[in-house]
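Have a look at the structure below before the remarks.
Reminder, nothing fancy here: chain letters follow the sequence lines and each chain counts from 1. On a predicted model such as this, the values are computed, not experimentally measured, just so you know.
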Number of protein chains: 2
Amino acid sequence: MVLDERKRRVLQALTDDYIETAEPVGSRNLVRKHNLGVSPATVRNEMADLEEAGYLHQPHTSAGRIPSDKGYRYYVDELMTRWEPGPGEHGALVRRARAVRVITEEVIHEAARLLAQATNYASLVAAPRVEASYFRHIELVPLDETHVLAVIVSDPGFVQHRVVEVRRGVTPEACTRMAEELNRLLFGVRFGDIARDALGAIKESVRSADLYDAVAELLTDGIAHQSSERVYLEGTLNILSQPEFRDIERAKSLLAMLEARDVLYQVLSLGARSSSATVIIGQENPVPELRDCSVVVSAYTLNGEVIGAIGVLGPTRMEYSKAVGMVEYVADHLSDTLLGLVRGG
Amino acid sequence: MVLDERKRRVLQALTDDYIETAEPVGSRNLVRKHNLGVSPATVRNEMADLEEAGYLHQPHTSAGRIPSDKGYRYYVDELMTRWEPGPGEHGALVRRARAVRVITEEVIHEAARLLAQATNYASLVAAPRVEASYFRHIELVPLDETHVLAVIVSDPGFVQHRVVEVRRGVTPEACTRMAEELNRLLFGVRFGDIARDALGAIKESVRSADLYDAVAELLTDGIAHQSSERVYLEGTLNILSQPEFRDIERAKSLLAMLEARDVLYQVLSLGARSSSATVIIGQENPVPELRDCSVVVSAYTLNGEVIGAIGVLGPTRMEYSKAVGMVEYVADHLSDTLLGLVRGG
DNA sequence: CCTTAGCACTCTACGCACCCGAGTGCTAAA
DNA sequence: TTTAGCACTCGGGTGCGTAGAGTGCTAAGG
């Protein structure tokens, strides 16, 4: 669908206006506020055409127009002026992110908070994929006869602990021994490359076959398949400030949706291809409950490899320009920061 | 204030009714539903007396009555029939809690979820005070030249990790050495009893004085003073189901309040005296923002010593009977479960 | 003296009519 | 092709009247 220049201007002005005011936009106001240089009647004709073509719609006959999902799509792809952090903002953001962090989890939290505050939408971050990070260290602490605590430090400094269950009793010595061997063998290895049979090399030196099996299982399978739990969420309450969620039922169902980490992870995955932002507008969202929201997601990387995704979620009437700008900006920063945390790799 | 038997019955019936319906209760309905055996007119007289004495109030002249905070207080202290888990519920609760857990954090989470679901209010849990738990194990993992990851396992199986900063470079050997020494020295010691000078005994054998200082500081001070962060929260969205929070602004401000962990911790502390439930009704709450809510809190214990608190937060029109019952029930269970996790003690 | 039936009164919630204003589409003239 | 003019539509706010629930008061009854 080709739109002539004037239609483009009308669509852009109208979308900008609606994003700002959340009120249907009428021809008179549009002409006045965005001095389009033509009369309201002309704009009305254009608007009628745009509506017929599916870019706009009217909530009711005697109201102004609102962009449809298709309208937003066109706006995002072709019309919006890209937001860039002004020098002041840039400084503030950098300063804020500068606090030294050693733990990836904190870095991610901070990124999520930053994004939520800057955009006033809810922010989501999928933690780095374990497969794409590097083994740094493991500790095995026996808890009782049948449970061992495994503390795993991976390379952009991520610490996690898991309890593994061992059938037969396990001695502290076996734990120490196995941890030592693993640390020697795996330091700097990419998690995704830890092969089951490579571990076989140390099987002999570990006294307890049970322990060996449980931990090997954890390292090769267990740790990798938990991504959905690891979605960080900030600024969920920002959503309540949006006029589209003044209705408590809608707000409630959306907030409930945000508790379903696996769904969020799925949505974040959609944008985990490219390191420029992906915009998912309303109906485009595969998750039905999010069809009246928009999501802006960008991947973040480690050494050029995509390891996670970060984004914001807000109403379809979203400040796309700022959202896209901020998400990309924060994603870049996050990638940089994580790179700084890598030690082994 | 002494209330005669009939006034007590009226107040009880009215409160029960209002808790159930959330609508002001009139004399006619009250008599009908709770067959009080007297006429509405008589009840009206009683209600007028109760209102004058401050136990009830009317939203407007031609409406029924609503219990005041004072009315709820009297209800809670003197009138309500205590809720006990029926045999069916008891079974379900036990079954649910039975899944074997080794990690205190999971146990607490589960308790919080259970409480939130059972009551349909928001549940809060303050994690066990570190001072009151026992040292089990420490690991020190060097992250880079100046940062060491300390993983501490305390005795009702609580795992936490902290990064300590060390001024000068630190060797892996020093870390291993120090961890070994600490594990030998402190196993089974109550955190609150770890004295700075007792640690001096191992100062010599640790090569790095910096490391020693940083970790000693962490063990004696750092770890203990972080309680406010460790408040677990579940079922916050339940609040949106309560009719008193149908107004989005109120809901928003309350939900925002729930993000302030330190405030919640403070509120939980109020109930951390006795192991029977403490009820804080409306205006009694020291936190102004929670003055139109009620909180039911109970302490939970380890070996008889209070180590934390668990509770629910809901509207003043709360099902106090059930809330008190459930909170005490879950607190007891939590205490029992934690005791089962103790190994060193 | 306490209880209760009766009654007048009060107040809210709700439905309805009404109007105002913003906005539209259409037509005809520039 | 643009625009001025005009009739039309519709949502939202306002005012009014009514129904219903509830009260307080008074006077009669046990």
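Straight-line distance from the OH atom of A/Tyr18 to the P atom of C/dA22: 19 Å, rounded to whole Å. In this entry the distance linking CG of A/Leu56 with P of C/dG23 reads 15 Å, nearest Å. Here the P atom of nucleotide C/dG25 and the CG atom of A/Asn45 are 8 Å apart, to the nearest Å. Spacing between atom CG of B/Leu50 and atom P of D/dG24 amounts to 12 Å, rounded to whole angstrom units. Across the protein-nucleic acid pair, A/Asp4 atom CG and D/dT2 atom C1' stand 14 Å apart, rounded to whole Å. For the pair B/Arg28 CZ and D/dG24 P, the computed distance is 15 Å after rounding to whole Å. The interatomic distance linking B/Ile66 (CD1) with D/dG22 (P) rounds to 12 Å, in whole Å. Put simply, CD on A/Glu52 is 16 Å from P on C/dT24, counting in whole angstrom units.
Taking 4.0 angstrom as the limit, B/Ser27 places a side-chain polar atom (N or O) nearer than this to OP1 or OP2 of D/dT23. Side-chain nitrogen and oxygen atoms of A/Arg65 include at least one within less than 4.0 Å of the OP1 or OP2 phosphate oxygen of C/dT24. Distances shorter than 4.0 Å separate some side-chain N or O of B/Asn29 from OP1 or OP2 on D/dG22. Taking 4.0 angstrom as the limit, A/Thr42 places a side-chain polar atom (N or O) nearer than this to OP1 or OP2 of D/dT3. Between B/Ser39 and C/dT4 there is a side-chain N or O to OP1 or OP2 distance below 4.0 Å.
Checking D/dT23, C/dG25, D/dT3 against the side-chain heavy atoms of A/Ala48 singles out C/dG25 as nearest. In this structure, of D/dT23, C/dC11, D/dG5, it is D/dG5 that holds the atom nearest to the side chain of A/Arg44. In this structure, the nucleotide among C/dG21, C/dC11, D/dT23 sitting nearest to the side chain of B/His60 is C/dC11. Comparing D/dC10, C/dC11, C/dA5 by their closest approach to the side chain of B/Thr61 singles out C/dC11. For B/Arg6, taking side-chain heavy atoms from C-beta onward, the closest of the listed nucleotides C/dA22, C/dG25, C/dT3 is C/dT3.
A salt bridge does not link A/Glu244 to A/Arg250: none of the charged nitrogens lies less than 4.0 Å from a carboxylate oxygen. No salt bridge links A/Lys322 with A/Glu84; every basic N to acidic carboxylate O contact stays at or beyond 4.0 Å.
Two residues, B/Ala41 and A/Gln58, neighbour DNA chain C, and the one matched to the more 5' nucleotide by heavy-atom proximity is B/Ala41.
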Problem - Candidate pair A/Arg291 and A/Glu284, rule salt bridge (charged side-chain N to carboxylate O under 4.0 Å, His left out), full reasoning - result: CA-CA 7 Å; A/Arg291 294 260 166 86; A/Glu284 299 170 5; over 6 Å; no
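Between A/Tyr74 and A/Tyr55, the ring-plane angle classifies as perpendicular under the 30° and 60° cut-offs.
Each of A/Val10, A/Leu50, A/Leu14 was checked for a side chain to side chain contact (heavy atoms under 4.5 Å, CB included) with A/Arg65, and the lone residue meeting it is A/Leu14.
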